[in-house]
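All values reported here derive from a predicted model rather than from experimental measurement.
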There are 4 protein chains.
Amino acid sequence: MSAGDIAATREERRPRGRLDKRQAIMDAGLRVFAREGYERASVDAIAAEAGVAKPTIYNHLGGKENLFREVMLGLARAANAKFLAALESFPSDPSGPAELREQLLAVAPRLVDCYHEPESWARQRLLYAESGRFPDLFPAVLAAGTGQGLEVLAGRLARLANAGHLEIADPVRAAGQFLALLTHELPGLSQLGERPIGDDVLAGVIEAGIDTFLRAFSPRPA
Amino acid sequence: MSAGDIAATREERRPRGRLDKRQAIMDAGLRVFAREGYERASVDAIAAEAGVAKPTIYNHLGGKENLFREVMLGLARAANAKFLAALESFPSDPSGPAELREQLLAVAPRLVDCYHEPESWARQRLLYAESGRFPDLFPAVLAAGTGQGLEVLAGRLARLANAGHLEIADPVRAAGQFLALLTHELPGLSQLGERPIGDDVLAGVIEAGIDTFLRAFSPRPA
Amino acid sequence: MSAGDIAATREERRPRGRLDKRQAIMDAGLRVFAREGYERASVDAIAAEAGVAKPTIYNHLGGKENLFREVMLGLARAANAKFLAALESFPSDPSGPAELREQLLAVAPRLVDCYHEPESWARQRLLYAESGRFPDLFPAVLAAGTGQGLEVLAGRLARLANAGHLEIADPVRAAGQFLALLTHELPGLSQLGERPIGDDVLAGVIEAGIDTFLRAFSPRPA
Amino acid sequence: MSAGDIAATREERRPRGRLDKRQAIMDAGLRVFAREGYERASVDAIAAEAGVAKPTIYNHLGGKENLFREVMLGLARAANAKFLAALESFPSDPSGPAELREQLLAVAPRLVDCYHEPESWARQRLLYAESGRFPDLFPAVLAAGTGQGLEVLAGRLARLANAGHLEIADPVRAAGQFLALLTHELPGLSQLGERPIGDDVLAGVIEAGIDTFLRAFSPRPA
DNA sequence: GATGAATGAGTATTCATTCAT
DNA sequence: CATGAATGAATACTCATTCAT
């Protein structure tokens, strides 16, 4: 989707086949990179999985390094889009603390899901793995991905603070703490995404995170 | 000591004796793995950096895979030791909330340092990068490393709760949240360890984390 | 033919086209295997002798083991063809014992030559050397090579027996004995193919073998 | 045995352990060489199988090449001894053709056994395999082994010819033909020693060989 | 534009041999 | 004398990349 759109804006009048191939290559690249890591992923394997010949990858994407960058940016954009979509209807002017908690309990699983889907683990792991070799990747992925979401979330929290529902000094930092409270157990529980987490376990983690957050940021009686 | 001296007298004439080649190899392995990642790290490079011949690596450690495992477990053990050392004198029976905050402000930088030193970044990144290829690594490293520290920290928090200084339902989870609040900004601020973080910035992060933690877990007035 | 010409025109400019690289590799493989044995033969040496790059060998033949198998089967097929060709015009209905002897003296050197040419020694020695490592090789080479020839020869001897020129109970066994009588001295005389055998010596061996065979299998007077 | 004797003549007054080790190494060498071939046989494996440290092999036998030569010569000598022992009581002045045939039928299996025991196959295969690398090996093994036996057998046949039991022009050649008739099917039947041959099959081969030999070399009626 | 074929560079691993003890 | 430890050299194989079609 997102990668398709991006390509479309660049080459709108191209025959359909070209775009399909580019997208097929990027999809295959993601799968193979996620499965094998950057170094172990062979261009041969990606070409086979994409159903194209090897030189086609070089024609379309210029080589392994650039393909990797494109794949990572695609992942970041997709993750950001999903994160923003999850935030879309949050918050909707809660009447009091109980309703705020309800709204947090409703939105949090969708946010957590952004960190727990396979693409997120792949992005995270490849980012950790290859930041040394691709020093520009981390900032770029942050800018195209999680970074934006964090700021939008900060805005929503600020809105709640302005309405008197929360007491927040630094909304961006609070947003980060909120996400940290929601997600900090995920790596351990899922073994970096290699095992599913039981729904009840996940719900418990989320509820505990929200409660800690609310205890910390609810307005204090004077 | 004596072994070191003996080796030294031997080294003067011919650098072939056995010495602590094993340790030299593991040190070099850590450096090269951290710098290049597992796949890109060549046994040649490790041998060169350790100052030994390549077969010596195979004699002592059996091959690249096992060397990697040993390096990672070594990192985990060292990190655990450092973490436990940081916790040693915490808490020391605070008289009230202000002193508790002081003690937290004192211990937190030492804990955060465990997550921000180069070895920790290397361990983290290699773990993320290679958990697919070494599925047993993540649990093993957790067991030998951070996992223990977390439980010990939980015990300390439980002690504070028993003394009435904190209100904690699930100490292990609270310990995780505490560490998450302290460390969640580190990856972004340091670009996964590739840039130093200013002391003041770090202090701000730590203080914010502690304050959020205290607001969330301080006993409420009845 | 035409392919050869085309390739030639290409070769003039750049030796990279595909041509009969496969055949060149197999020829070089035979030479190097024969010279060095399977283990000592290095793929590097074969590639150099074939005038191709090493990976080309892997592209065309999949690896050292398979190349060896192909070389051996090629040798077996070629030897079989030569053996059958030698037998083609034997026997041609001899009028009596003297003419039968003439015909045997005529065909025998061509048969013996099948056992004394360099390719035969190479095949034999590699087969003996590597039958442990390639247990399926001996039966395969036998089936594609000498085995067939033996049966055809047996048929020709049976024809002579039917015509009353020989007295043969078991033609296949008699064929084997015939070949054994012709060839049993070859390994010793030629030091397993490493030295030429004088023509007169060879002729003596052949004549002695034929005479023994004829004395054993000529019809007895009632 | 034989190898032990030889060593004894060289180092009669050495302590027993030294000879034992040398013999253990040679035994292990034979096993490993036979199993793996010369190139694939590692000195490590031989040392392990002999229960000694690697340098001990170099002390006692000077290296892999020389060990191989010694092993091969030992095999040849042992084979020769066995062959001569088999011939010891042959022939014992037969009264007529029938008794001659009996005596041949009695001695032939013992001779054939010399070609069909595992050590013989090992010797044969290693000789074929490594004659290129050890050009002096084939003549040396022949001289120490089969060559002698052939000449002795020739003498026995000559004795029979002198007594009028056989008609032999060239005894050495006849001896070779005799052995060839007895053994030519062994490689095919046993797949170069990798499969056992049924007793009945072997008896049939032997009988057929003897009968052909006798038909060829029995005195003709004038 | 897509491809089959080819390649130069680089990988982990093993081996025969030799010191120093 | 026997050994544990070390090494230089060599091996099979793989990969990202690029021609020529």
Engineer: Round to the nearest Å and state the distance from A/F68 atom CZ to F/dT17 atom P.
Structural biologist: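 Rounded to whole Å, this separation is 14 Å.
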Engineer: For a side chain to side chain contact (heavy atoms under 4.5 Å, CB included) check, start with the C-alpha distance between A/E49 and A/R35, then their side-chain angles and the critical distance, and finish with the verdict.
Structural biologist: CA-CA 12 Å; A/E49 190 136 342; A/R35 197 194 310 139; 2.8 Å; yes
Engineer: So, is A/H60 near the phosphate of E/dA2, with a side-chain N or O under 4.0 Å from OP1 or OP2?
Structural biologist: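 Yes, A/H60 has a side-chain N/O under 4.0 Å of OP1/OP2 on E/dA2.
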Engineer: Calculate the interatomic distance between B/K21 atom NZ and E/dC19 atom P; express it in whole Å.
Structural biologist: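 Computing the B/K21:NZ to E/dC19:P distance gives 16 Å.
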Engineer: Counting only side-chain N and O atoms of D/T56, is one of them less than 4.0 Å from OP1 or OP2 of F/dA2?
Structural biologist: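 Answer is no, no contact under 4.0 Å.
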Engineer: As a test of reading the structure: which of F/dC15, F/dA6, F/dC13 is closest to the side chain of B/N59, going by heavy atoms?
Structural biologist: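 Closest of the options to the side chain of B/N59: F/dA6.
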Engineer: Give me the stems containing DNA chain E, sorted by first residue, counting only three or more consecutive Watson-Crick or G-U pairs with both distances under 3.5 Å; say none if there aren't any.
Structural biologist: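 DNA chain E stems, ordered by first number: E:2-21 with F:2-21.
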Engineer: Do B/K54 and E/dT13 share a donor-acceptor pair, side chain to base, under 3.5 Å?
Structural biologist: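 It does, because a donor-acceptor pair links the side chain of B/K54 to the base of E/dT13 below 3.5 Å.
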Engineer: Between B/R69 and B/E130, is the closest basic N to carboxylate O distance under 4.0 Å?
Structural biologist: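 Not counted as a salt bridge, because no side-chain N and carboxylate O are separated by less than 4.0 Å.
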Engineer: Does the structure place the NZ or CZ of C/K64 under 6.0 Å from the centre of the six-membered ring of C/Y38, at an angle of no more than 45° from the ring's axis?
Structural biologist: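 The answer is yes; both the distance and angle limits are met.
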Engineer: Measure from CD1 on C/I57 to P on E/dG8 and round the result to the nearest Å.
Structural biologist: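 These atoms are roughly 13 Å apart.
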Engineer: With a 4.0 Å heavy-atom cut-off, tell me which residues in residues 39-53 of chain D come close to DNA chain E, sorted by residue number.
Structural biologist: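 Residues of residues 39-53 of chain D that come under 4.0 Å of DNA chain E are, in numerical order, D/A41, D/S42, D/V43.
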Engineer: So does B/E119 pair up with B/R123, basic N to acidic O under 4.0 Å?
Structural biologist: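 Here B/E119 does not pair with B/R123 in a salt bridge, since their nearest N and O are not under 4.0 Å apart.
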Engineer: Atom CZ of C/F33 to atom P of F/dT11: distance rounded to whole Å?
Structural biologist: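 Taking CZ of C/F33 and P of F/dT11, I get 13 Å after rounding.
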Engineer: What's the closest nucleotide to the side chain of B/P55 if the choices are E/dC15, E/dA12, F/dT18?
Structural biologist: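 When the side chain of B/P55 is considered, E/dC15 is the closest of E/dC15, E/dA12, F/dT18.
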